[in-house]
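Single-structure report; data block below.
Residue numbering restarts at 1 for every chain, and letters A, B, ... go by the order of the sequence lines.
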Protein chains: 2
Amino acid sequence: MKRTKSSVIPSSVVRRLTEYLAYAQTFGNENGDQWVSSREIAQALGLTSSTVRQDLSHIDFCGISKRGYHVKGLRAVLEDTLGANSVWRVAVVGAGNLGMAIAQNDEFRERGFHIIGVFDKDAAKVGRSVGPLKVQHVSAMPDFVSGEGIDIGIVAVPAAAAQGVADLLIASGVRGILNLSLSHIITPRRVQVVEARLTCSLLELSHRIKYARKENK
Amino acid sequence: MKRTKSSVIPSSVVRRLTEYLAYAQTFGNENGDQWVSSREIAQALGLTSSTVRQDLSHIDFCGISKRGYHVKGLRAVLEDTLGANSVWRVAVVGAGNLGMAIAQNDEFRERGFHIIGVFDKDAAKVGRSVGPLKVQHVSAMPDFVSGEGIDIGIVAVPAAAAQGVADLLIASGVRGILNLSLSHIITPRRVQVVEARLTCSLLELSHRIKYARKENK
DNA sequence: CCTTTGCTGTGAAAAGTTTGACACCCGTCA
DNA sequence: TGACGGGTGTCAAACTTTTCACAGCAAAGG
Ligand SMILES: NC(=O)c1ccc[n+]([C@@H]2O[C@H](COP(=O)([O-])OP(=O)(O)OC[C@H]3O[C@@H](n4cnc5c(N)ncnc54)[C@H](O)[C@@H]3O)[C@@H](O)[C@H]2O)c1
Ligand SMILES: NC(=O)c1ccc[n+]([C@@H]2O[C@H](COP(=O)([O-])OP(=O)(O)OC[C@H]3O[C@@H](n4cnc5c(N)ncnc54)[C@H](O)[C@@H]3O)[C@@H](O)[C@H]2O)c1
């Protein structure tokens, strides 16, 4: 009921909020008012209901007794908290397999991440179509990024080139970077980075499999 | 010096171990003995040296004073701990943009994840080549998975189909699943899951950007 | 109207994670 | 050879995150 904890949300909580939002979005847009309890959310996402309630206590939204949370309202508040209701202008650097897959996926646009530039250094790739866009040469990237007011750069080049590309993006005024390459990149404090490494996720999985085997003897 | 803490490694540590391994692998294979200190690792990955030493105390490997850790040895032990020195047999379900990008990437094979089957339900995609493989119809997947002894399934289908595909994989004997779709999937305890959601990473980033702006006034 | 019931928000305890501090170790250099 | 300096492994303190327990609210049903 107090609902003004605000200030700063711990990052472990933010990570789960993104999942709550993904979950809330699965309900679709029909108008019928739908309600969901912390227990249901917890079950769907493999958490405890207590964690869910505690997490939601960080955002400015009340559930109501006996019913739970109003899905549409919850979704709206989460979108606001996470910045998913703004339009983010995004550029992808690296038009390889992964970069092209990302640029072609509609899911991002639906969630407010508008990819409006794709760049590569390989002349053979420059000029290829990606939906309504064309791959541009990476040398055009700095002007494009500052001219178009790009907010977020997605780095999808080989590890060895990642820091260089990131530095260019930063110098051109990007405010955040999603790094998909294997190498960690370093940024000034004002530029946020999130790293997403499929290879590391697979290694985590292989460790868990190996260990689980022992557990079950 | 004691070095037999073993038993169970906390998952927060495991996640970082995967990054240490990625880092150690960047040194390449030349024979010249190379050494790295906890401070260097920390700096490269944005951690504190204390965390690095604490983490490495979980694996069966000693650094030595004044030099640090022997890169080759460290790498070997990490590969062993994480199961990156075994060969994992992997199938990808969903031959869309993302599935094909993954199947075509060599990085996984280099790290022991051998993709030996790619499946889709769309007849138009069945038969396409992916390196030395051909996309097969998803109805062939269960027999293939059990027949070929697939360990890991990668789920790259739309969210709505994810749980169904996962159930099939589980019933066919897979031991772990990497889920790339937006929806959380549920598995019996013996089957490990790791979820990797690009959309959620982007949302995390957008939250951080939004919040950082406030921080710097 | 009152009672029951199911679910919320919250404060505090428990568990887990990160950081700091320091003894000790091993090459290096005088 | 001995003292130094830059590194390690480890213990404990500080901090963060998760879980527990429960008061209190809102709907439903007598
Ligand atoms: N494909 C995947 O499934 C996958 C999975 C996990 C991680 N990754 C990572 O994503 C990155 C890209 O993977 P990919 O499969 O798309 O590789 P890719 O080789 O298909 O594509 C890399 C692209 O980057 C371009 N490039 C290289 N240096 C560049 C530079 N300095 N500036 C601009 N462009 C440059 C290349 O021309 C190429 O087109 C890699 O770091 C890889 O580790 C890929
Ligand atoms: N492309 C990306 O960059 C990206 C990023 C993040 C997440 N994802 C997620 O990855 C998944 C796939 O993305 P995509 O871009 O490759 O989409 P896509 O539409 O290109 O591919 C999906 C493929 O799955 C196949 N499919 C659907 N149902 C199936 C079933 N029951 N069995 C077997 N195959 C089935 C479809 O025929 C299609 O080929 C989605 O869940 C998406 O959310 C993709």
Side-chain angles (χ1 to χ4, degrees), chain A residues 1-20 23-24 33-71 73-74 77-78 81 204 208 211, chain B residues 1-20 24 32-74 77-78 81 204 207-208 211:
Chain A
M1 260 278 132
K2 205 185 293 159
R3 247 70 267 268
T4 22
K5 192 178 284 192
S6 255
S7 66
V8 67
I9 304 181
S11 63
S12 56
V13 175
V14 171
R15 223 162 298 136
R16 281 192 302 269
L17 292 183
T18 64
E19 313 224 332
Y20 301 155
Y23 175 72
D33 283 341
Q34 297 179 74
W35 297 82
V36 68
S37 70
S38 57
R39 193 172 34 73
E40 289 171 287
I41 299 178
Q43 204 148 355
L45 304 186
L47 305 167
T48 70
S49 67
S50 189
T51 302
V52 173
R53 287 203 304 282
Q54 187 80 265
D55 286 349
L56 294 184
S57 81
H58 286 93
I59 64 175
D60 192 15
F61 183 71
C62 282
I64 73 180
S65 306
K66 184 95 182 201
R67 289 206 153 179
Y69 302 88
H70 187 236
V71 173
L74 176 61
V77 178
L78 283 173
T81 307
E204 196 186 330
R208 298 240 295 258
Y211 179 73
Chain B
M1 264 275 133
K2 205 184 295 156
R3 245 75 264 265
T4 24
K5 191 179 286 190
S6 253
S7 66
V8 66
I9 305 181
S11 64
S12 56
V13 175
V14 170
R15 223 163 297 135
R16 282 192 303 268
L17 292 183
T18 64
E19 312 225 332
Y20 301 154
D33 284 341
Q34 298 179 72
W35 297 83
V36 70
S37 70
S38 57
R39 192 172 36 73
E40 289 172 286
I41 300 178
Q43 204 146 356
L45 303 187
L47 306 167
T48 70
S49 67
S50 189
T51 302
V52 174
R53 288 204 301 283
Q54 185 82 270
D55 286 349
L56 294 185
S57 81
H58 286 92
I59 63 175
D60 192 15
F61 183 71
C62 281
I64 73 179
S65 306
K66 183 91 184 210
R67 292 206 150 177
Y69 303 88
H70 188 235
V71 173
K72 236 178 164 173
L74 176 61
V77 178
L78 283 173
T81 307
E204 195 186 331
H207 170 82
R208 298 241 295 258
Y211 179 73

* To do: Could you pull out all residues at least two apart from A:Ser38 that satisfy side-chain contact (heavy atoms from CB on, under 4.5 Å)?
  => A:Ser49, A:Val52, A:Arg53, A:Tyr69

* Non-hydrogen side-chain atoms of A:His58 and A:Pro10 separated by less than 4.5 Å -> yes

* With sequence neighbours excluded, residues passing salt bridge (charged side-chain N to carboxylate O under 4.0 Å, His left out) with B:Glu204 -> A:Arg15, B:Arg208

* Asked: Please give, in whole Å, the distance from C:dT17 C1' to B:Arg15 CZ?
  -> 12 Å

Pairs under 3.5 Å (N/O, protein and nucleotides 3-6 of chain C):
{"from": "C:dT5", "atom 1": "O2", "to": "A:Lys66", "atom 2": "NZ", "distance (Å)": "3.2"}

* Check whether any side-chain heavy atom of B:His207 lies under 4.5 Å from a side-chain heavy atom of A:Ile9, and answer yes or no. => yes

* Asked: When all nucleic acid strands are considered with a 4.0 Å heavy-atom cut-off, which category describes B:Ser49: base, sugar-phosphate, or nothing?
  -> nothing

* **Atom pair distance, as rounded to whole Å: NE2 in B:His58 and P in D:dT10** => 11 Å

* **Of A:Arg67 and B:Ser37, the one whose closest DNA chain D nucleotide lies more 5'** => B:Ser37

* **Interatomic distance where CZ belongs to A:Arg53 and C1' belongs to C:dA12 [whole Å]** => 15 Å

* Asked: Taking atom P of D:dA26 as reference, at what distance in whole Å does atom OH of A:Tyr69 sit?
  -> 14 Å

* Can you name the side-chain contact (heavy atoms from CB on, under 4.5 Å) partners of A:Gln43, sequence neighbours left out? -> A:Arg39

* Asked: Side chains of A:Leu78 and A:Thr18: closer than 4.5 Å at any heavy-atom pair?
  -> no

Taking only N/O atoms, report every protein-nucleotides 16-19 of chain D pair under 3.5 Å with atom names and distance.
{"from": "D:dT17", "atom 1": "OP1", "to": "A:Ser12", "atom 2": "OG", "distance (Å)": "3.4"}
{"from": "D:dT18", "atom 1": "OP1", "to": "A:Arg16", "atom 2": "NH1", "distance (Å)": "2.9"}
{"from": "D:dT18", "atom 1": "OP2", "to": "A:Arg16", "atom 2": "NH1", "distance (Å)": "3.1"}
{"from": "D:dT18", "atom 1": "OP2", "to": "A:Arg16", "atom 2": "NH2", "distance (Å)": "2.6"}
{"from": "D:dT19", "atom 1": "OP2", "to": "A:Thr48", "atom 2": "OG1", "distance (Å)": "3.2"}
{"from": "D:dT19", "atom 1": "OP2", "to": "A:Thr51", "atom 2": "OG1", "distance (Å)": "2.8"}
{"from": "D:dT19", "atom 1": "O4", "to": "A:Gln54", "atom 2": "NE2", "distance (Å)": "2.6"}

* Whole angstrom value for the distance that separates P of D:dG9 from CD1 of B:Ile41 -> 11 Å

* **Those residues that, when tested against A:Tyr20, pass side-chain hydrogen bond (donor to acceptor under 3.5 Å, both in side chains) (two or more places apart)** => A:Asp55

* To do: Can you tell me the distance, in whole Å, between the NE2 atom of B:His70 and the P atom of C:dC26?
  => 17 Å

* To do: State, to 0.1 Å, how close B:Thr51 and B:Thr48 come at their nearest heavy-atom pair, and which atoms those are.
  => OG1-OG1, 2.8 Å

